[in-house]
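All values below come from the heavy atoms of this structure, side chains included, with hydrogens, waters and symmetry mates left out. Whatever order the structure lists ligands and atoms in, that order sets their numbers, starting from 1.
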Amino acid sequence: MNLMSWGMFPKIEADTFAFTNKKALQNHLKTVGECIAYGNGRSYGDSALSHHLITTRAHRCFLDFDEHHGILHVECGVLLSEILEVIVPRGWFLKVTPGTKLITVGGAIASDVHGKNHHMEGCFSASVLEYNLMLPSGKVILCSHTKNKKYFYATCGGMGLTGIILDAKISLKKISTTTIEQTTVKTANLQETFDAFEQYSQTPYSVAWIDSQAQGAALGRSLLMCGDFSTKGSLHYTKKKRINIPKNFPSSLLSSWSVTLFNRLYYNRFTQNITTEEVDIDTFFYPLDAIENWNRIYGKEGFTQYQFILPKAHSFDGLHAILTAIAASGKGSFLAVLKLYGKTNKNYLSFPMEGYSLALDFKIEPGLFELLDSLDALVLKYGGRIYLSKDVRVSKTVFEQGYEQITRFRALRKEHKMDKTFHSLQSKRLEL
Ligand SMILES: Cc1cc2nc3c(=O)[nH]c(=O)nc-3n(C[C@H](O)[C@H](O)[C@H](O)COP(=O)(O)OP(=O)(O)OC[C@H]3O[C@@H](n4cnc5c(N)ncnc54)[C@H](O)[C@@H]3O)c2cc1C
């Protein structure tokens, strides 16, 4: 079977195993050799790719829902979208959600995903009460913030390299409506963007779209969108129709010219410096999910998302240098998203640290990896790191310099023979 993740690069031949029950999975782990869990393939690069995949989507049962306290117990293959359909009309929402709801709970834990409220609520693991993890030996252990802590710290953000997460209990956030009061601030340059983030840092959700091609005095101009759930409105929540991008979408439509045009039009769609409006959950949290298979606009060679984070003290200078290098390269990105992050957690490989992170999508084309190598050097110079969940090409040296707890992670993997069983193309490249 030909498989890939969201970036459609690389594509590999893999066999898949959809276990029917724990016993079947235990037996499989004894004989399969190297393998990795595959959730819904929404990671961008090669973290969920190996020649032997353990697919989890068949495990999508709701095991329990304590509607009174907002505690949900689900199997690992349940999508966040499936959870929202059940909990939102009952007045609950996810405490932490990424920019797509089309990911599994197992994938959310393994990447320790974050959302627009990291500066307030931290990563997905902060909302995880406990989960069952199957180790390479077939033994199942319960992990939480207090039980089997080192497995918990290694698995949240551990990219599937410690075992198979079977099911999880998560705590939810109470909401009284499905309406978000959104404020959009139009900024003229990077300094104004930083000032706006700081000014709205007490707003629960914030994210900025940056014009990655603006240069000179306009470098770093952006639209900062922030907001919170309204207390006025209903809990009405329906599935929306999605537009589909066809398989043979002509990638020639995506050129530096069209990216420049898009960036200009997008930035100028707001005429006022500050605009307030009411929007629904899907528009605010998951705008890209409205277009099915939007990854196809990049053509058959695929694309990658480059996401890095810099500590707060160096964020401004670092972003200035990196945005200048990107604008000068002529390789623009439609999607350039800047977020403010709060404190780092105890997980060994979780991406966030207190500071700012930028994520940019780039079509795979000649010269791209050379550009990204030069951006890596800047990320390291300013004390930052790269997000594994988006990555497909970072070197072992660059990765290791960003993640100071890597030695602990490797030691745990060795001790429990996880390194003999769980491997992805990414873990091979990074020698995890
Ligand atoms: C449009 C879009 C927007 C996004 N926005 C954000 C964002 O705002 N913030 C953010 O943090 N991420 C974001 N992401 C990335 C995405 O949330 C993560 O990559 C997530 O892990 C994908 O989950 P998945 O179920 O598709 O897992 P996959 O992509 O299939 O796998 C991802 C990793 O999880 C592991 N894994 C999956 N299931 C299990 C399991 N049961 N047990 C053990 N390991 C498992 C895999 O081995 C792999 O290492 C976005 C992705 C897209 C496409």
Side-chain angles (χ1 to χ4, degrees), residues 3-8 16 18-19 25 35-50 52-60 74-82 94 96-118 122-125 131-135 143 151 154-168 205 207 285-295 303-305 307 309 335 337-339 341 349-352 357 359 361 387-392 418 421-427 430 432:
L3 264 157
M4 57 197 184
S5 291
W6 192 243
M8 304 189 301
T16 60
F19 56 103
L25 182 56
C35 62
I36 196 79
Y38 188 91
N40 205 34
R42 250 51 184 194
S43 48
Y44 281 68
D46 53 1
S47 63
L49 297 182
S50 133
H52 302 289
L53 298 177
I54 297 182
T55 57
T56 65
R57 270 294 281 142
H59 298 274
R60 57 178 92 169
V74 288
E75 287 187 324
C76 63
V78 172
L79 294 179
L80 301 188
S81 59
E82 292 163 344
L94 296 160
V96 172
T97 178
T100 174
K101 56 182 175 172
L102 302 173
I103 70 164
T104 63
V105 167
I109 296 173
S111 290
D112 200 12
V113 297
H114 55 269
K116 295 175 176 164
N117 59 350
H118 187 273
C123 287
F124 192 80
S125 58
Y131 54 81
N132 280 301
L133 178 73
M134 186 178 286
L135 299 173
C143 305
Y151 297 89
T155 301
C156 298
M159 309 311 298
L161 297 170
T162 57
I164 308 291
I165 300 156
L166 300 175
D167 57 80
Y205 300 100
V207 66
F285 289 102
Y286 313 111
L288 287 169
D289 287 349
I291 308 166
E292 203 166 345
N293 298 311
W294 63 260
N295 51 349
F303 74 111
T304 186
Q305 185 169 98
Q307 183 166 7
I309 189 161
L335 199 91
V337 174
L338 184 67
K339 284 188 211 160
Y341 288 67
L349 297 188
S350 277
F351 167 70
S357 156
D361 287 356
Y387 191 10
L388 288 182
S389 204
K390 311 288 178 74
D391 162 62
V392 75
M418 294 161 181
T421 306
F422 298 113
H423 265 296
S424 57
L425 298 188
Q426 182 179 62
S427 72
L430 302 178
L432 290 174

Closest non-hydrogen atoms of Ser357 and Gln307, given as atom of the first, atom of the second and distance, are OG-NE2, 2.9 Å

In this structure, atom 5 (N) of ligand 1 is nearest to the protein heavy atom Gly99 N, 3.2 Å

Can you tell me if Lys390 contacts ligand 1 (heavy atom of the residue under 4.0 Å from the ligand)?
yes

Heavy-atom proximity to atom 7 (C) of ligand 1 ranks first, among Gly41, Gly160, Pro98, Gly106, for Pro98

A student checking ligand 1 against Ser47 at a 4.0 Å heavy-atom cut-off should list atoms 47 (O), 48 (C), 49 (O)

Taking every heavy atom of Ser389 against every heavy atom of Met159, the minimum-distance pair comes out as CA-CE, 3.7 Å

Practice item. Give a yes or no answer on whether the side chain of Asp361 reaches the backbone of Phe303 with a donor-acceptor pair at less than 3.5 Å. Key: no

Closest heavy-atom pair, Ser47 versus Ser424, reported as atoms and distance to 0.1 Å, is O-CB, 3.2 Å

Requested in this report: Could you label the plane-to-plane angle of the Tyr341 and Phe351 rings as parallel, tilted or perpendicular, counting under 30° as parallel and over 60° as perpendicular?
Outcome: perpendicular

**N or O pair under 3.5 Å between Trp6 and ligand 1** = no

Rounding to 0.5 Å, atoms NE2 (His59) and CD (Glu75) come to a distance of 6.5 Å

Closest to atom 40 (C) of ligand 1 (heavy atoms only, candidates Val78, Asp361, Ile165) is Ile165

Smallest heavy-atom separation, Tyr131 atom then Thr155 atom, equals OH-CB, 3.1 Å

Atom 30 (O) of ligand 1 sits nearest the protein heavy atom Gly39 N, 2.7 Å

Note: ligand 1 atoms sitting under 4.0 Å from heavy atoms of Trp294 are 1 (C)

Taking only non-hydrogen atoms of Cys76 and a 4.0 Å limit, the atoms of ligand 1 in range are 41 (N)

Looking only at protein heavy atoms, what sits closest to atom 26 (O) of ligand 1 is Arg42 N, 2.7 Å

To atom 45 (C) of ligand 1, the nearest of Cys35, Ala108, Ala37 on a heavy-atom basis is Ala37

Ligand 1 atoms nearer than 4.0 angstrom to some heavy atom of Thr56 are 41 (N)

Counting from 1 in the order shown, the ligand 1 atoms closer than 4.0 Å to a non-hydrogen atom of Ile164 are 42 (N)

For Ser43, the ligand 1 atoms with a heavy-atom partner under 4.0 Å come out as 19 (O), 22 (C), 28 (P), 29 (O), 31 (O), 32 (C)

Nearest heavy atom to atom 52 (C) of ligand 1, choosing from Val105, Thr100, Leu335, Ile36, belongs to Thr100

dist Ser350:OG -> Asp112:CG (nearest 0.5 Å) comes out at 3.5 Å

Of all protein heavy atoms, the one nearest atom 25 (O) of ligand 1 is Thr104 OG1, 2.6 Å

So the atoms of ligand 1 within less than 4.0 Å of a heavy atom of Lys339 turn out to be 7 (C), 8 (O)

**Message:** Is a donor from one side chain sitting under 3.5 angstrom from an acceptor on the other, for Asn40 and Thr104?
**Reply:** no

So OG1 of Thr100 and CG of Leu80: to nearest 0.5 Å the spacing works out to 8.0 Å

Ranking Tyr387, Tyr38, Phe351, Tyr286 by closest non-hydrogen atom to atom 11 (O) of ligand 1, top hit is Tyr387

Of all protein heavy atoms, the one nearest atom 9 (N) of ligand 1 is His114 O, 2.8 Å

Separation between CD (Gln426) and CG (Leu161), nearest 0.5 Å, reads 7.5 Å

For Gly163 and Phe422, the nearest pair of non-hydrogen atoms, with its separation, is CA-CE1, 3.4 Å

Output for pair (Asp46 CG, Ser5 OG), nearest 0.5 Å, gives 8.0 Å

among protein heavy atoms, the one nearest atom 19 (O) of ligand 1 is Ser389 OG, 2.7 Å

- Donor-acceptor side-chain pairing of Tyr286 and Thr97 below 3.5 angstrom: yes

CG (Leu133) and SG (Cys76) are apart, to the nearest 0.5 Å, by 11.0 Å

So is Gly163 touching ligand 1 or not, going by heavy atoms under 4.0 Å? yes

Residues Leu135 and Met418: closest non-hydrogen pair is CD2-CE, 3.9 Å

Note: ligand 1 atoms sitting under 4.0 Å from heavy atoms of Ser111 are 18 (C), 19 (O), 20 (C), 21 (O)

Among Ala110, Ser5, Ala48, the residue with a heavy atom nearest to atom 34 (O) of ligand 1 is Ala110

Check: of Phe285, Phe422, Tyr44, min heavy-atom distance to atom 51 (C) of ligand 1 comes from Tyr44

Requested in this report: May I ask you to check if ligand 1 and Met159 share an N or O to N or O distance below 3.5 Å?
Outcome: yes

re atom 17 (O) of ligand 1, the protein heavy-atom contact at minimum distance is Val113 CG1, 3.5 Å

Exercise for review: Using distance alone, decide if ligand 1 has a nitrogen or oxygen within less than 3.5 Å of any nitrogen or oxygen in Ile103.
Suggested key: no

